[in-house]
2 protein chains.
Amino acid sequence: MSGQTPLLGRAILGLLLQQPLSGYDIRRIFTQTPMATFSDSPGAIYPALKRLEADGLVRGRTERSTGLRQRRLFRLTPAGRAKFEHWLTAPVTRDDVVRDTEELMLRFSFMDIGVGEAASVRFLRALQHELQVYIPELNRYLGSHGPEMPRSGRLALESGIRSYEALLQWTRHALTTYGKHQKGGK
Amino acid sequence: MSGQTPLLGRAILGLLLQQPLSGYDIRRIFTQTPMATFSDSPGAIYPALKRLEADGLVRGRTERSTGLRQRRLFRLTPAGRAKFEHWLTAPVTRDDVVRDTEELMLRFSFMDIGVGEAASVRFLRALQHELQVYIPELNRYLGSHGPEMPRSGRLALESGIRSYEALLQWTRHALTTYGKHQKGGK
DNA sequence: AGTATCATGTAAGAGGTTACATGATTTT
DNA sequence: AAAATCATGTAACCTCTTACATGATACT
C-alpha cells in the first residue's frame with residue numbers, strides 16, 4: 001500500500017532475486033562489495049526488510065540450521081518479483097538521467113537476471129538517446145555561462161559533462177557486448 | 001546547534017556566497033541550471049533557509065523594492081561564511097569518494113571563490129590520490145568476481161569504474177589549468 | 001573469563017517528498 | 001475576467017542516521 005519503494009528497497013529486492021539472504025548477509029554485501037554506496041546500518045536495513053514484508057514483497061523465515069543465533073532468511077514473493085520487474089522495465093526518462101544515474105545503473109545491474117538481455121539492450125538504447133539530448137544542453141550552458149563562472153565552478157561543470165560522456169561511451173561499449181542480439185530496425 | 005548541514009544547505013550557502021538571493025531565486029537556479037540535481041521543491045528550500053537562519057548561518061530581510069509581493073533576500077552571516085569555509089577545506093576521504101562524489105564536486109565548484117585557488121589545487125591532488133587507490137580495488141573486484149556475474153551486473157560495475165577513471169582524468173586536466181600554481185615538491 | 005563475530009532489532013531526531021494553501025501582480 | 005508568474009509557506013508522511021540494546025556462539 002505504501003508508495004514507491006526507495007532505492008535501498010529496490011537493491012534488496014534485486015539481491016533477493018538471486019538468492020535468499022538475511023539482513024546480516026545484506027549488510028555484509030554493502031560493506032564488502034562495490035555496493036558500498038548503500039549504508040550497512042542496521043537502522044536502515046532491518047526496517048527496510050520489515051516494510052518490504054509488510055508490503056508483501058518479501059517473506060522472511062527464521063532458521064537455525066547452524067548452531068548460531070537465529071537468522072531470518074528473506075525470499076522474494078511473486079508480488080515482489082512482479083514489482084521488481086515493473087521497476088526494471090520502466091522507461092528511461094530525462095529526469096532519471098539528470099537526477100539519478102545511480103538508480104539507472106542499479107536497475108541495469110539487475111536487468112539481465114530480472115527481465116532478460118533484450119530488455120537490457122532496450123534500456124541501453126533509451127539511455128543513449130537521453131544522453132545524446134542532454135550532453136549538448138550542458139555544453140550549450142557551458143558555452144554561454146562558462147566564461148563568467150569562477151574557474152572551479154566551470155571545471156566542476158566540465159567534470160559533470162565528462163562523466164555523462166563517459167556514460168555515453170559505455171553504452172556503446174555495452175551494446176557491442178550484446179552485439180548479436182541487436183536488431184537493425186528503428 | 002544542529003548537526004551537519006545537509007547537502008542542500010551547503011549548496012544554498014555556496015550560492016549566497018556569491019550574491020544575496022530569495023528562496024524563489026534559489027528555486028529558479030535549481031530548475032534552470034545544471035544544479036538541477038537539487039530539488040526545486042518549496043517544501044525543501046524554505047525549511048532549509050529557515051534552519052540555516054535558526055543556526056545563524058544566513059539572515060533574511062524582507063524587501064519590496066519592486067511592486068511585487070514581498071520577498072525575503074538572504075545573505076550569509078560571518079558564522080555562515082566560516083562554516084562554509086570549514087566544509088570546503090575538509091579533507092577528501094575515501095568514504096567521500098565511494099559514497100558521495102556529488103558532494104565532492106559541489107564543494108569543488110565553490111572552492112575558488114570560497115577559499116582560493118591554492119585550496120582547489122590541494123583538493124584536486126587529494127582526490128587524485130584517493131582515486132588512484134580506489135580504482136585498482138574496483139578492478140581487482142571485477143577481475144575476481146566479474147566472470148561469475150551476469151553480464152549486465154558486470155557492465156554496471158565497469159560503468160562505475162569508467163566513471164571514476166573519467167574523474168581521475170579530469171583531475172589531471174583541472175590541475176593543468178591551475179598549472180602555474182603547482183608546486184614541485186613531494 | 002573476555003573478546004570477536006554473528007545476528008536482530010528499536011528509538012529519537014533530522015530532512016526530504018508530495019500536496020496543499022495563499023496572495024499579489026502582470027499579461028492575455 | 002482569467003491565466004500566468006512571482007513568491008512564500010505549512011502539514012503529513014516517509015526514510016535515513018546515529019546511537020543504543022540484546023543475545024548467542026566461537027575463539028583465545
Side-chain angles (χ1 to χ4, degrees), chain A residues 1-13 20-32 35-55 57-58 60-74 95-96 99-100 102-103, chain B residues 1-13 20-32 35-55 57-58 60-74 95-96 99-100 102-103:
Chain A
M1 200 147 286
S2 52
Q4 57 166 58
T5 324
L7 243 211
L8 173 61
R10 319 272 195 189
I12 291 175
L13 255 23
L21 296 168
S22 69
Y24 195 77
D25 292 334
I26 293 167
R27 289 187 66 196
R28 265 187 297 125
I29 289 169
F30 290 167
T31 38
Q32 292 165 12
M35 290 189 87
T37 32
F38 290 99
S39 163
D40 68 331
S41 158
I45 291 168
Y46 291 106
L49 284 167
K50 208 176 180 180
R51 279 193 304 274
L52 291 171
E53 193 164 37
D55 291 346
L57 307 180
V58 307
R61 248 186 238 183
T62 302
E63 311 222 341
R64 42 168 85 247
S65 44
T66 20
L68 296 166
R69 187 186 169 175
Q70 53 154 57
R71 49 187 250 126
R72 300 216 324 137
L73 261 196
F74 289 88
D95 203 68
D96 291 331
R99 297 280 252 309
D100 214 344
E102 208 175 308
E103 190 205 301
Chain B
M1 198 151 284
S2 51
Q4 59 166 56
T5 323
L7 242 212
L8 173 60
R10 319 273 196 189
I12 291 174
L13 255 23
L21 296 167
S22 69
Y24 195 77
D25 292 334
I26 293 167
R27 288 187 67 197
R28 265 187 298 126
I29 290 169
F30 290 166
T31 38
Q32 293 167 10
M35 290 190 86
T37 34
F38 290 98
S39 162
D40 67 332
S41 158
I45 290 169
Y46 291 105
L49 284 166
K50 208 176 179 181
R51 281 194 301 276
L52 291 171
E53 192 164 38
D55 291 347
L57 306 180
V58 307
R61 247 185 240 184
T62 301
E63 312 223 340
R64 42 167 84 246
S65 43
T66 20
L68 297 165
R69 187 185 170 176
Q70 54 155 55
R71 49 188 251 126
R72 300 217 321 137
L73 261 195
F74 289 88
D95 204 69
D96 291 330
R99 296 280 250 312
D100 215 345
E102 208 176 307
E103 190 204 303

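Just so we're on the same page: letters track the sequence lines, and every chain starts at 1. If you're wondering where the values come from, they're calculated on a predicted model, not measured in any experiment.
For B:Arg72, the listed nucleotide lying nearest its side chain is D:dT8; candidates were C:dA7, C:dG9, D:dT8. Counting only heavy atoms from C-beta on, B:Ala44 has its side chain closest to C:dT17 among C:dG9, C:dT17, D:dC16. When distances are taken from the side chain of B:Pro6 to each of C:dA19, D:dT18, C:dG15, the shortest belongs to C:dG15. Distances from the side chain of B:Arg51 to the nucleotides D:dA19, D:dA7, C:dG16 place C:dG16 closest.
Using a 4.0 Å heavy-atom criterion, one finds that B:Gly43 contacts the bases of the nucleic acid, with or without backbone contacts as well.
Distance, A:Leu7 CG to D:dT17 C1': 17 Å, rounded to whole Å. One interatomic measurement links the two molecules: CZ of B:Arg61 to C1' of D:dT8, which rounds to 19 Å at whole-angstrom precision. Spacing between atom CD1 of A:Ile45 and atom P of D:dT15 amounts to 15 Å, rounded to whole angstrom units. Atom P of nucleotide D:dG23 and atom CZ of A:Arg71 are separated by 21 Å, given to the nearest angstrom. Computed from coordinates, the B:Arg28 CZ to D:dT5 C1' distance equals 10 Å when rounded to whole Å. In this structure, CG of A:Asp55 is placed 13 Å from C1' of D:dT15, rounded to the nearest angstrom. If you take OH of A:Tyr46 and C1' of D:dA19, they are 16 Å apart, rounded to a whole angstrom. Following rounding to the nearest Å, B:Leu8 (CG) and C:dA14 (P) show an atom-to-atom distance of 16 Å.
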Evaluation steps, side chain to side chain contact (heavy atoms under 4.5 Å, CB included), between A:Glu102 and B:Glu102: CA-CA 11 Å; A:Glu102 208 175 308; B:Glu102 208 176 307; over 6 Å; no

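A donor-acceptor pair under 3.5 Å links the side-chain atoms of B:Arg27 to the main chain of B:Asp40, judged by distance alone. Looking at A:Arg10, its side chain does come within 3.5 Å of a backbone N or O of A:Thr5 through a donor-acceptor pair. A donor-acceptor contact shorter than 3.5 Å is absent between the side chain of A:Arg71 and the backbone of A:Glu63.
Along DNA chain D, the nucleotide nearest to A:Pro47 and the one nearest to B:Arg27 differ in position, and the one closer to the 5' end is contacted by B:Arg27. Mapping B:Lys50 and B:Arg99 onto DNA chain D via the closest heavy atom, the residue that lands nearer the 5' end is B:Lys50.
Look at A:Ser41 and you won't find any side-chain N or O under 4.0 angstrom from OP1 or OP2 of D:dC16. For the OP1/OP2 pair of C:dT17 and a distance below 4.0 Å, the side-chain nitrogens and oxygens of B:Ser39 include at least one atom meeting the criterion. Side-chain N/O atoms of A:Tyr24 include none lying less than 4.0 angstrom from OP1 or OP2 on C:dT8.
Two residues are said to be in side-chain contact when any heavy atoms from C-beta on lie closer than 4.5 Å; A:Ile26 and A:Phe38 fail this criterion.
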